[in-house]
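Accompanying notes for the structure given below.
All of these numbers come straight from a predicted model, not from anything done at the bench. As a basis for the values below, the full set of heavy atoms in this structure was taken, side chains included, without hydrogen atoms, waters or symmetry mates.
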Amino acid sequence: MSKVLALKYRPNSFDKLIGQDAVTQTLTLALNKKTLSHAYLFSGLRGSGKTSTARIFAKALVCKEGPKSNPCEICEHCKMANENRHIDIIEMDAASSRKIDDIRDLIENTKYRPNSARYKIFIIDEVHMLTKEAFNALLKTLEEPPEFIKFILATTDPLKLPATILSRTQHFRFKQIATIDIVNHLSYILNLEKVEYELDALEMLSRAGNGSLRDTLTLLDQAIIFANGKITPTKIASMLGLLDPKQLESIFDTILKSDKKKVIEIIKELENYECEVVINELIAHLKEAFFNSDGKFSTLITERFFRILSESKNLLFLNADNGFVLTLLFFKMIEAMNIKTVEEMISSLEDEKFRSPEPEVLTNKTIAPKTTCESLSEKDRGIKLFSNLIAKLEDRSYELATCFKDYVEYSNYENGTLTWISSADNEHKKTLKHGYPIIRQFVQEIFGIDTQIKMSQSEKKKIDEVSHVNKEDSTVMKNEESNNHVDTQESKVKEGLNDPLVKKVKEIFDIKEIEICPKV
(Lines give C-alpha, C1' and ligand atoms only; values in the text may rest on other atoms or scores of the structure.)
Protein backbone atom coordinates (compact mmCIF):
# COMPACT_ATOMS: atom_id res chain seq x y z
CA MET A 1 0.00 0.00 0.00
CA SER A 2 1.48 3.35 -1.04
CA LYS A 3 2.05 6.11 1.49
CA VAL A 4 0.90 9.68 1.03
CA LEU A 5 3.73 12.01 0.02
CA ALA A 6 3.63 14.01 3.27
CA LEU A 7 4.52 10.86 5.25
CA LYS A 8 6.71 9.17 2.65
CA TYR A 9 9.03 12.18 2.36
CA ARG A 10 8.86 13.36 5.95
CA PRO A 11 12.34 14.63 6.93
CA ASN A 12 14.33 12.48 9.39
CA SER A 13 17.36 14.77 9.79
CA PHE A 14 18.03 18.45 10.20
CA ASP A 15 19.57 18.82 6.75
CA LYS A 16 16.29 17.66 5.14
CA LEU A 17 14.12 20.27 6.87
CA ILE A 18 12.76 22.85 4.39
CA GLY A 19 12.86 26.62 4.98
CA GLN A 20 13.79 26.69 8.71
CA ASP A 21 17.51 27.41 8.59
CA ALA A 22 17.61 29.56 11.74
CA VAL A 23 15.91 26.88 13.86
CA THR A 24 18.02 24.00 12.57
CA GLN A 25 21.26 25.95 12.99
CA THR A 26 20.50 26.80 16.64
CA LEU A 27 19.45 23.26 17.56
CA THR A 28 22.46 21.78 15.73
CA LEU A 29 24.91 23.96 17.67
CA ALA A 30 23.12 23.20 20.96
CA LEU A 31 23.48 19.45 20.36
CA ASN A 32 27.09 19.63 19.25
CA LYS A 33 28.13 21.86 22.16
CA LYS A 34 25.96 19.95 24.70
CA THR A 35 24.28 23.19 25.81
CA LEU A 36 20.81 21.75 26.17
CA SER A 37 17.75 23.22 27.84
CA HIS A 38 15.13 21.23 29.74
CA ALA A 39 12.14 22.62 27.76
CA TYR A 40 11.60 23.84 24.21
CA LEU A 41 8.61 25.50 22.51
CA PHE A 42 8.12 25.26 18.74
CA SER A 43 5.47 27.60 17.28
CA GLY A 44 4.44 28.39 13.73
CA LEU A 45 2.04 27.81 10.85
CA ARG A 46 0.64 24.33 10.31
CA GLY A 47 2.85 22.26 8.03
CA SER A 48 5.95 24.33 8.75
CA GLY A 49 7.89 21.41 10.31
CA LYS A 50 7.33 21.70 14.07
CA THR A 51 6.49 18.06 14.82
CA SER A 52 9.12 16.77 12.38
CA THR A 53 11.77 18.94 14.06
CA ALA A 54 10.66 17.71 17.51
CA ARG A 55 11.06 14.08 16.42
CA ILE A 56 14.47 14.69 14.83
CA PHE A 57 15.64 16.54 17.95
CA ALA A 58 14.36 13.74 20.19
CA LYS A 59 16.18 11.11 18.06
CA ALA A 60 19.39 13.18 18.29
CA LEU A 61 19.05 13.20 22.10
CA VAL A 62 18.56 9.43 22.48
CA CYS A 63 21.07 8.29 19.80
CA LYS A 64 23.61 5.88 21.25
CA GLU A 65 26.48 8.00 19.96
CA GLY A 66 24.76 11.27 20.89
CA PRO A 67 23.56 13.63 21.74
CA LYS A 68 24.72 15.02 18.40
CA SER A 69 23.16 16.87 15.45
CA ASN A 70 23.59 14.00 12.96
CA PRO A 71 22.33 10.75 14.55
CA CYS A 72 23.97 7.52 13.41
CA GLU A 73 20.66 6.08 12.06
CA ILE A 74 21.97 2.52 12.70
CA CYS A 75 21.71 2.10 16.46
CA GLU A 76 18.61 0.57 18.03
CA HIS A 77 17.52 3.94 19.48
CA CYS A 78 17.61 5.67 16.06
CA LYS A 79 15.72 2.83 14.40
CA MET A 80 12.99 2.83 17.04
CA ALA A 81 12.77 6.63 16.87
CA ASN A 82 12.38 6.54 13.07
CA GLU A 83 9.56 4.01 13.46
CA ASN A 84 7.87 6.10 16.20
CA ARG A 85 8.03 3.20 18.71
CA HIS A 86 10.76 4.37 21.10
CA ILE A 87 9.55 3.77 24.66
CA ASP A 88 11.36 6.84 26.03
CA ILE A 89 9.97 9.25 23.42
CA ILE A 90 6.39 9.94 24.53
CA GLU A 91 4.13 11.93 22.21
CA MET A 92 0.96 13.47 23.60
CA ASP A 93 -1.81 15.24 21.69
CA ALA A 94 -3.06 18.08 23.89
CA ALA A 95 -6.14 18.47 21.71
CA SER A 96 -7.49 15.14 22.94
CA SER A 97 -5.65 14.86 26.29
CA ARG A 98 -6.14 18.34 27.64
CA LYS A 99 -7.47 17.92 31.17
CA ILE A 100 -5.68 18.10 34.49
CA ASP A 101 -5.89 14.31 35.00
CA ASP A 102 -3.91 13.74 31.79
CA ILE A 103 -1.20 16.14 32.99
CA ARG A 104 -1.12 14.43 36.42
CA ASP A 105 -0.39 11.11 34.68
CA LEU A 106 2.40 12.81 32.72
CA ILE A 107 3.88 14.35 35.88
CA GLU A 108 3.76 10.96 37.59
CA ASN A 109 5.64 9.47 34.64
CA THR A 110 8.45 12.05 34.99
CA LYS A 111 9.44 10.58 38.36
CA TYR A 112 10.82 7.41 36.73
CA ARG A 113 14.10 7.19 34.88
CA PRO A 114 14.17 6.31 31.15
CA ASN A 115 13.99 2.64 30.29
CA SER A 116 16.90 2.41 27.84
CA ALA A 117 17.92 5.87 26.59
CA ARG A 118 19.77 8.64 28.40
CA TYR A 119 16.71 10.96 28.32
CA LYS A 120 12.97 10.56 28.64
CA ILE A 121 11.40 13.03 26.20
CA PHE A 122 7.81 14.32 26.24
CA ILE A 123 6.52 15.85 22.97
CA ILE A 124 3.22 17.69 23.60
CA ASP A 125 1.57 18.73 20.33
CA GLU A 126 -1.03 21.55 20.13
CA VAL A 127 -0.12 22.49 23.70
CA HIS A 128 -2.30 25.62 23.60
CA MET A 129 -5.37 23.32 23.89
CA LEU A 130 -4.60 22.45 27.53
CA THR A 131 -7.00 23.78 30.15
CA LYS A 132 -5.98 26.47 32.64
CA GLU A 133 -5.83 23.93 35.46
CA ALA A 134 -3.66 21.61 33.36
CA PHE A 135 -1.20 24.44 32.64
CA ASN A 136 -1.00 25.29 36.34
CA ALA A 137 -0.31 21.66 37.22
CA LEU A 138 2.48 21.48 34.62
CA LEU A 139 4.27 24.66 35.71
CA LYS A 140 6.42 23.34 38.56
CA THR A 141 7.53 20.22 36.69
CA LEU A 142 8.25 22.25 33.57
CA GLU A 143 10.41 24.68 35.54
CA GLU A 144 12.51 22.13 37.45
CA PRO A 145 12.20 18.68 35.87
CA PRO A 146 14.60 15.84 36.71
CA GLU A 147 17.86 15.98 34.77
CA PHE A 148 16.84 13.07 32.55
CA ILE A 149 13.54 14.73 31.41
CA LYS A 150 13.18 16.92 28.30
CA PHE A 151 9.99 18.70 27.22
CA ILE A 152 9.27 19.69 23.61
CA LEU A 153 6.03 21.68 23.22
CA ALA A 154 4.51 22.46 19.80
CA THR A 155 1.70 24.90 18.99
CA THR A 156 0.17 26.85 16.13
CA ASP A 157 -1.06 29.61 18.48
CA PRO A 158 1.56 30.70 21.05
CA LEU A 159 -0.53 33.73 22.07
CA LYS A 160 -2.92 31.38 23.91
CA LEU A 161 -0.14 30.09 26.16
CA PRO A 162 0.22 31.62 29.65
CA ALA A 163 3.23 33.88 30.13
CA THR A 164 4.44 31.53 32.87
CA ILE A 165 4.79 28.70 30.32
CA LEU A 166 6.57 30.93 27.80
CA SER A 167 9.07 32.08 30.41
CA ARG A 168 10.06 28.46 31.24
CA THR A 169 10.87 27.38 27.66
CA GLN A 170 13.24 28.24 24.84
CA HIS A 171 10.91 29.57 22.13
CA PHE A 172 11.65 28.74 18.46
CA ARG A 173 9.44 30.46 15.88
CA PHE A 174 8.92 28.56 12.63
CA LYS A 175 8.36 30.95 9.73
CA GLN A 176 6.16 30.44 6.68
CA ILE A 177 8.08 28.43 4.08
CA ALA A 178 9.02 30.46 1.00
CA THR A 179 7.33 29.61 -2.31
CA ILE A 180 10.65 28.96 -4.05
CA ASP A 181 11.66 26.42 -1.36
CA ILE A 182 8.35 24.58 -1.69
CA VAL A 183 8.59 24.52 -5.50
CA ASN A 184 12.13 23.10 -5.35
CA HIS A 185 11.01 20.42 -2.90
CA LEU A 186 8.04 19.47 -5.10
CA SER A 187 10.37 19.22 -8.10
CA TYR A 188 12.68 16.92 -6.10
CA ILE A 189 9.79 14.64 -5.12
CA LEU A 190 8.27 14.49 -8.63
CA ASN A 191 11.66 13.60 -10.09
CA LEU A 192 11.92 10.71 -7.63
CA GLU A 193 8.33 9.68 -8.40
CA LYS A 194 9.06 9.98 -12.15
CA VAL A 195 6.09 12.29 -12.82
CA GLU A 196 6.28 14.93 -15.57
CA TYR A 197 5.41 18.50 -14.59
CA GLU A 198 5.60 22.16 -15.58
CA LEU A 199 7.13 24.68 -13.19
CA ASP A 200 4.18 27.09 -13.45
CA ALA A 201 1.88 24.31 -12.22
CA LEU A 202 4.05 23.76 -9.13
CA GLU A 203 3.97 27.48 -8.37
CA MET A 204 0.17 27.37 -8.50
CA LEU A 205 0.17 24.45 -6.05
CA SER A 206 2.56 26.31 -3.76
CA ARG A 207 0.34 29.41 -3.68
CA ALA A 208 -2.69 27.23 -2.94
CA GLY A 209 -0.80 25.67 0.00
CA ASN A 210 -0.30 29.13 1.63
CA GLY A 211 3.19 28.35 2.89
CA SER A 212 2.28 25.00 4.46
CA LEU A 213 4.44 22.19 3.06
CA ARG A 214 2.12 19.47 4.35
CA ASP A 215 -0.94 21.11 2.71
CA THR A 216 0.98 21.51 -0.55
CA LEU A 217 2.08 17.85 -0.55
CA THR A 218 -1.54 16.81 0.03
CA LEU A 219 -2.53 18.86 -3.04
CA LEU A 220 0.35 17.30 -4.97
CA ASP A 221 -1.02 13.83 -4.20
CA GLN A 222 -4.33 14.91 -5.66
CA ALA A 223 -2.67 16.57 -8.68
CA ILE A 224 -0.71 13.42 -9.61
CA ILE A 225 -3.96 11.46 -9.76
CA PHE A 226 -5.91 14.20 -11.58
CA ALA A 227 -3.20 14.99 -14.14
CA ASN A 228 -2.83 11.31 -15.10
CA GLY A 229 0.63 11.61 -16.57
CA LYS A 230 1.77 15.25 -16.65
CA ILE A 231 1.05 18.11 -14.24
CA THR A 232 0.26 21.28 -16.23
CA PRO A 233 -1.05 24.72 -15.22
CA THR A 234 -4.32 24.12 -17.08
CA LYS A 235 -4.97 20.89 -15.19
CA ILE A 236 -4.04 22.42 -11.83
CA ALA A 237 -6.29 25.42 -12.53
CA SER A 238 -9.15 23.06 -13.37
CA MET A 239 -8.54 20.94 -10.26
CA LEU A 240 -8.33 23.85 -7.82
CA GLY A 241 -10.88 26.11 -9.51
CA LEU A 242 -8.21 28.70 -10.31
CA LEU A 243 -7.60 30.83 -13.39
CA ASP A 244 -5.13 29.72 -16.01
CA PRO A 245 -2.05 32.04 -16.22
CA LYS A 246 -2.84 32.71 -19.90
CA GLN A 247 -6.38 33.71 -18.92
CA LEU A 248 -5.02 36.10 -16.29
CA GLU A 249 -2.73 37.69 -18.86
CA SER A 250 -5.65 38.07 -21.26
CA ILE A 251 -7.72 39.81 -18.54
CA PHE A 252 -5.01 42.40 -17.84
CA ASP A 253 -4.44 43.00 -21.56
CA THR A 254 -8.16 43.71 -21.99
CA ILE A 255 -8.13 46.14 -19.06
CA LEU A 256 -5.04 47.95 -20.36
CA LYS A 257 -6.77 48.34 -23.76
CA SER A 258 -9.93 49.67 -22.02
CA ASP A 259 -12.04 47.23 -24.04
CA LYS A 260 -15.25 47.47 -22.01
CA LYS A 261 -17.24 45.17 -24.28
CA LYS A 262 -14.76 42.32 -23.88
CA VAL A 263 -14.52 43.00 -20.13
CA ILE A 264 -18.24 42.30 -19.78
CA GLU A 265 -17.76 39.00 -21.61
CA ILE A 266 -14.90 38.08 -19.25
CA ILE A 267 -17.04 38.91 -16.20
CA LYS A 268 -19.74 36.51 -17.36
CA GLU A 269 -17.11 33.77 -17.69
CA LEU A 270 -15.65 34.48 -14.23
CA GLU A 271 -19.00 34.16 -12.47
CA ASN A 272 -18.36 30.40 -12.46
CA TYR A 273 -15.35 30.93 -10.15
CA GLU A 274 -15.18 31.97 -6.53
CA CYS A 275 -14.73 35.74 -6.48
CA GLU A 276 -12.10 35.82 -3.71
CA VAL A 277 -10.03 33.24 -5.57
CA VAL A 278 -10.18 35.37 -8.73
CA ILE A 279 -9.00 38.46 -6.83
CA ASN A 280 -6.15 36.55 -5.18
CA GLU A 281 -5.03 35.18 -8.54
CA LEU A 282 -5.12 38.67 -10.08
CA ILE A 283 -2.98 40.02 -7.22
CA ALA A 284 -0.48 37.17 -7.59
CA HIS A 285 -0.22 37.72 -11.36
CA LEU A 286 0.18 41.50 -10.88
CA LYS A 287 2.94 40.92 -8.31
CA GLU A 288 4.78 38.51 -10.59
CA ALA A 289 4.50 40.86 -13.59
CA PHE A 290 5.82 43.76 -11.50
CA PHE A 291 8.83 41.78 -10.22
CA ASN A 292 9.58 40.62 -13.77
CA SER A 293 9.72 44.29 -14.85
CA ASP A 294 6.85 43.89 -17.28
CA GLY A 295 6.72 47.14 -19.28
CA LYS A 296 2.93 47.10 -19.31
CA PHE A 297 2.74 47.87 -15.59
CA SER A 298 4.34 51.04 -14.28
CA THR A 299 4.78 51.53 -10.56
CA LEU A 300 1.85 53.94 -10.45
CA ILE A 301 -0.51 51.61 -12.35
CA THR A 302 0.58 48.64 -10.22
CA GLU A 303 -0.14 50.59 -7.04
CA ARG A 304 -3.58 51.68 -8.30
CA PHE A 305 -4.53 48.18 -9.44
CA PHE A 306 -3.36 46.61 -6.16
CA ARG A 307 -5.33 49.14 -4.10
CA ILE A 308 -8.50 48.46 -6.14
CA LEU A 309 -8.06 44.68 -5.86
CA SER A 310 -7.48 44.83 -2.09
CA GLU A 311 -10.44 47.15 -1.47
CA SER A 312 -12.69 44.85 -3.52
CA LYS A 313 -12.22 42.10 -0.94
CA ASN A 314 -14.07 44.23 1.61
CA LEU A 315 -17.18 44.17 -0.58
CA LEU A 316 -17.27 40.38 -0.36
CA PHE A 317 -17.69 40.57 3.43
CA LEU A 318 -20.84 42.64 2.85
CA ASN A 319 -22.41 39.65 1.07
CA ALA A 320 -22.30 41.60 -2.17
CA ASP A 321 -23.07 39.92 -5.47
CA ASN A 322 -19.84 38.35 -6.78
CA GLY A 323 -20.53 39.27 -10.40
CA PHE A 324 -21.22 42.88 -9.46
CA VAL A 325 -18.04 43.04 -7.36
CA LEU A 326 -16.02 41.87 -10.37
CA THR A 327 -17.80 44.41 -12.60
CA LEU A 328 -16.94 47.29 -10.26
CA LEU A 329 -13.41 45.94 -9.90
CA PHE A 330 -12.62 45.80 -13.62
CA PHE A 331 -14.25 49.11 -14.53
CA LYS A 332 -12.46 50.88 -11.66
CA MET A 333 -9.19 49.49 -13.03
CA ILE A 334 -10.06 50.84 -16.50
CA GLU A 335 -10.89 54.22 -14.97
CA ALA A 336 -7.57 54.20 -13.08
CA MET A 337 -5.79 54.18 -16.45
CA ASN A 338 -7.21 57.64 -17.24
CA ILE A 339 -6.14 59.39 -14.04
CA LYS A 340 -3.18 61.71 -14.49
CA THR A 341 -0.46 62.23 -11.94
CA VAL A 342 0.08 65.65 -10.37
CA GLU A 343 3.23 66.12 -12.47
CA GLU A 344 1.33 65.33 -15.68
CA MET A 345 -1.41 67.84 -14.81
CA ILE A 346 1.12 70.58 -14.03
CA SER A 347 2.99 69.84 -17.26
CA SER A 348 -0.26 69.95 -19.24
CA LEU A 349 -1.24 73.32 -17.78
CA GLU A 350 2.20 74.77 -18.42
CA ASP A 351 2.15 73.57 -22.04
CA GLU A 352 -1.23 75.19 -22.58
CA LYS A 353 -0.20 78.45 -20.94
CA PHE A 354 3.09 78.93 -22.75
CA ARG A 355 2.26 77.46 -26.14
CA SER A 356 2.35 79.75 -29.18
CA PRO A 357 -1.03 81.26 -30.20
CA GLU A 358 -3.08 79.53 -32.91
CA PRO A 359 -3.16 81.28 -36.31
CA GLU A 360 -6.34 83.26 -36.93
CA VAL A 361 -6.68 82.34 -40.61
CA LEU A 362 -7.07 78.64 -41.27
CA THR A 363 -5.62 77.02 -44.35
CA ASN A 364 -5.90 73.50 -45.66
CA LYS A 365 -2.67 72.57 -43.86
CA THR A 366 -3.61 74.26 -40.60
CA ILE A 367 -4.70 72.04 -37.74
CA ALA A 368 -8.17 73.02 -36.55
CA PRO A 369 -8.47 74.41 -33.03
CA LYS A 370 -9.96 72.23 -30.33
CA THR A 371 -13.18 74.22 -30.11
CA THR A 372 -16.07 73.27 -32.37
CA CYS A 373 -17.23 76.81 -33.11
CA GLU A 374 -14.31 78.53 -34.88
CA SER A 375 -16.32 78.75 -38.11
CA LEU A 376 -18.76 81.17 -36.43
CA SER A 377 -18.36 84.92 -36.21
CA GLU A 378 -16.54 86.36 -33.21
CA LYS A 379 -19.82 87.40 -31.55
CA ASP A 380 -21.59 84.11 -32.24
CA ARG A 381 -18.52 82.21 -31.12
CA GLY A 382 -18.52 84.04 -27.78
CA ILE A 383 -22.23 83.30 -27.30
CA LYS A 384 -21.64 79.63 -28.13
CA LEU A 385 -18.78 79.36 -25.65
CA PHE A 386 -20.89 81.13 -23.03
CA SER A 387 -23.61 78.48 -23.54
CA ASN A 388 -20.97 75.79 -23.04
CA LEU A 389 -20.03 77.52 -19.78
CA ILE A 390 -23.63 77.33 -18.54
CA ALA A 391 -23.82 73.65 -19.53
CA LYS A 392 -20.63 72.93 -17.58
CA LEU A 393 -22.06 74.70 -14.53
CA GLU A 394 -25.25 72.63 -14.77
CA ASP A 395 -23.18 69.46 -14.62
CA ARG A 396 -21.39 70.70 -11.52
CA SER A 397 -24.14 72.52 -9.54
CA TYR A 398 -27.73 73.01 -10.68
CA GLU A 399 -28.35 75.76 -8.11
CA LEU A 400 -25.30 77.78 -9.18
CA ALA A 401 -26.08 77.26 -12.87
CA THR A 402 -29.70 78.45 -12.39
CA CYS A 403 -28.59 81.57 -10.54
CA PHE A 404 -25.91 82.32 -13.15
CA LYS A 405 -28.32 81.80 -16.05
CA ASP A 406 -31.05 84.01 -14.51
CA TYR A 407 -28.92 86.92 -13.34
CA VAL A 408 -25.85 86.97 -15.61
CA GLU A 409 -26.09 88.05 -19.26
CA TYR A 410 -23.36 87.70 -21.88
CA SER A 411 -21.97 91.01 -23.16
CA ASN A 412 -18.92 90.31 -25.35
CA TYR A 413 -15.64 88.44 -25.64
CA GLU A 414 -12.67 90.15 -27.24
CA ASN A 415 -8.93 90.49 -26.70
CA GLY A 416 -8.96 87.64 -24.18
CA THR A 417 -11.52 89.39 -21.94
CA LEU A 418 -14.96 87.98 -21.23
CA THR A 419 -17.52 90.63 -20.23
CA TRP A 420 -20.91 89.87 -18.76
CA ILE A 421 -23.71 91.94 -17.14
CA SER A 422 -24.90 90.95 -13.69
CA SER A 423 -28.26 91.90 -12.14
CA ALA A 424 -27.89 89.70 -9.05
CA ASP A 425 -28.58 91.10 -5.60
CA ASN A 426 -28.89 89.92 -2.01
CA GLU A 427 -28.85 86.08 -1.78
CA HIS A 428 -28.24 85.58 -5.50
CA LYS A 429 -25.18 87.81 -5.32
CA LYS A 430 -23.87 85.69 -2.41
CA THR A 431 -24.47 82.49 -4.39
CA LEU A 432 -22.50 83.80 -7.38
CA LYS A 433 -19.71 85.08 -5.14
CA HIS A 434 -19.45 81.71 -3.37
CA GLY A 435 -19.36 79.81 -6.67
CA TYR A 436 -16.97 82.22 -8.43
CA PRO A 437 -13.90 79.88 -8.17
CA ILE A 438 -15.83 77.17 -10.04
CA ILE A 439 -17.06 79.67 -12.63
CA ARG A 440 -13.55 80.99 -13.20
CA GLN A 441 -12.15 77.45 -13.57
CA PHE A 442 -14.71 76.62 -16.28
CA VAL A 443 -14.11 79.96 -18.01
CA GLN A 444 -10.40 79.15 -18.27
CA GLU A 445 -11.16 75.66 -19.59
CA ILE A 446 -13.58 76.90 -22.26
CA PHE A 447 -12.31 80.37 -23.26
CA GLY A 448 -8.60 79.84 -22.48
CA ILE A 449 -6.39 79.79 -19.42
CA ASP A 450 -5.38 83.48 -19.78
CA THR A 451 -8.97 84.75 -20.12
CA GLN A 452 -9.80 87.76 -17.96
CA ILE A 453 -13.32 88.25 -16.56
CA LYS A 454 -14.96 91.68 -16.50
CA MET A 455 -18.33 92.21 -14.83
CA SER A 456 -20.69 95.19 -15.21
CA GLN A 457 -24.07 95.95 -13.69
CA SER A 458 -27.34 96.10 -15.58
CA GLU A 459 -29.07 99.52 -16.04
CA LYS A 460 -31.96 98.49 -13.78
CA LYS A 461 -29.50 97.59 -11.06
CA LYS A 462 -27.77 100.96 -11.45
CA ILE A 463 -31.12 102.84 -11.21
CA ASP A 464 -32.08 100.85 -8.11
CA GLU A 465 -28.74 101.65 -6.49
CA VAL A 466 -29.00 105.35 -7.40
CA SER A 467 -32.53 105.57 -5.98
CA HIS A 468 -31.33 103.78 -2.89
CA VAL A 469 -28.50 106.30 -2.50
CA ASN A 470 -30.94 109.26 -3.00
CA LYS A 471 -33.24 107.85 -0.33
CA GLU A 472 -30.31 107.58 2.03
CA ASP A 473 -29.24 111.20 1.24
CA SER A 474 -32.77 112.57 1.87
CA THR A 475 -32.93 110.68 5.15
CA VAL A 476 -29.60 112.17 6.19
CA MET A 477 -30.80 115.70 5.29
CA LYS A 478 -34.00 115.27 7.32
CA ASN A 479 -31.99 114.04 10.27
CA GLU A 480 -29.66 117.04 10.00
CA GLU A 481 -32.63 119.48 9.88
CA SER A 482 -34.15 117.80 12.91
CA ASN A 483 -30.86 118.03 14.76
CA ASN A 484 -30.54 121.75 13.89
CA HIS A 485 -34.06 122.38 15.18
CA VAL A 486 -33.26 120.68 18.47
CA ASP A 487 -30.08 122.74 18.82
CA THR A 488 -32.07 125.99 18.31
CA GLN A 489 -34.60 125.07 21.01
CA GLU A 490 -31.84 124.19 23.45
CA SER A 491 -30.20 127.60 22.96
CA LYS A 492 -33.49 129.40 23.61
CA VAL A 493 -34.03 127.45 26.83
CA LYS A 494 -30.57 128.35 28.06
CA GLU A 495 -31.24 132.07 27.35
CA GLY A 496 -34.54 131.89 29.27
CA LEU A 497 -32.92 130.36 32.35
CA ASN A 498 -30.25 133.07 32.36
CA ASP A 499 -32.89 135.85 32.38
CA PRO A 500 -32.47 138.20 35.48
CA LEU A 501 -36.17 137.86 36.37
CA VAL A 502 -35.96 134.07 36.44
CA LYS A 503 -32.85 134.22 38.60
CA LYS A 504 -34.61 136.58 41.07
CA VAL A 505 -37.61 134.26 41.36
CA LYS A 506 -35.25 131.30 42.08
CA GLU A 507 -33.65 133.30 44.96
CA ILE A 508 -36.96 134.41 46.52
CA PHE A 509 -38.65 130.97 46.46
CA ASP A 510 -35.41 128.99 46.92
CA ILE A 511 -36.02 126.96 43.78
CA LYS A 512 -33.54 124.12 43.37
CA GLU A 513 -34.60 122.80 39.96
CA ILE A 514 -36.63 124.11 37.04
CA GLU A 515 -38.29 121.61 34.66
CA ILE A 516 -39.08 122.78 31.15
CA CYS A 517 -41.87 120.94 29.31
CA PRO A 518 -42.33 121.11 25.54
CA LYS A 519 -45.32 122.94 24.17
CA VAL A 520 -48.18 120.60 23.27
* **Residues Asp102 and Lys99 bridged, charged N to O under 4.0 Å** => no
* Does the side chain to side chain contact (heavy atoms under 4.5 Å, CB included) test come out yes or no for Lys257 and Lys262, once each step is laid out? -> CA-CA 10 Å; Lys257 293 176 183 176; Lys262 191 174 180 182; over 6 Å; no
* Cationic N near anionic O, under 4.0 Å, Glu144 to Arg168 -> no
* For the side chain of Ser96 and the backbone of Asp93, is there at least one donor-acceptor N/O pair under 3.5 Å apart? -> yes
* Indicate whether the side chain of Thr254 and that of Asp259 have a donor and an acceptor atom separated by less than 3.5 Å. => no
* Asked: Which residues pass the salt bridge (charged side-chain N to carboxylate O under 4.0 Å, His left out) test with Asp157, sequence neighbours left out?
  -> Lys160
* Test: Lys111 and Glu108 ion pair at under 4.0 Å -> yes
* Asked: Could you give the distance from CG (Leu243) to CD (Glu269), rounded to the nearest 0.5 Å?
  -> 10.0 Å
* Asked: Any sub-3.5 Å donor-acceptor pair from Arg98's side-chain atoms to Met129's backbone N or O?
  -> yes
* Asked: Does CZ belonging to Arg307 count more than 12 external heavy atoms closer than 6.0 Å?
  -> no
* Asked: Within a radius of less than 6.0 Å around NZ of Lys68, do more than 12 heavy atoms belonging to other residues, nucleotides or ligands occur?
  -> yes
* **Over 12 foreign heavy atoms within 6.0 Å of OH, Tyr112** => no
* To do: Specify whether Tyr40 and Phe42 have parallel, tilted or perpendicular ring planes, treating 30° as the upper limit for parallel and 60° as the lower limit for perpendicular.
  => tilted
* Near Glu147 CD, under 6.0 Å, is it more than 12 heavy atoms from other residues, nucleotides or ligands? -> no
* Asked: Are Lys150 and Tyr119 in a cation-pi contact, defined as NZ or CZ under 6.0 Å from the six-membered ring centre and within 45° of the axis?
  -> yes
* Asked: For the ring pair Phe151 and His38, is the centre-to-centre distance below 6.0 Å?
  -> no
* May I ask you to say whether Glu73 pairs ionically with Lys59, meaning some side-chain N is under 4.0 Å from a carboxylate O? => yes
* To do: May I ask you to decide whether Glu76 forms a salt bridge with Lys64, counting only side-chain N to carboxylate O separations under 4.0 Å?
  => no
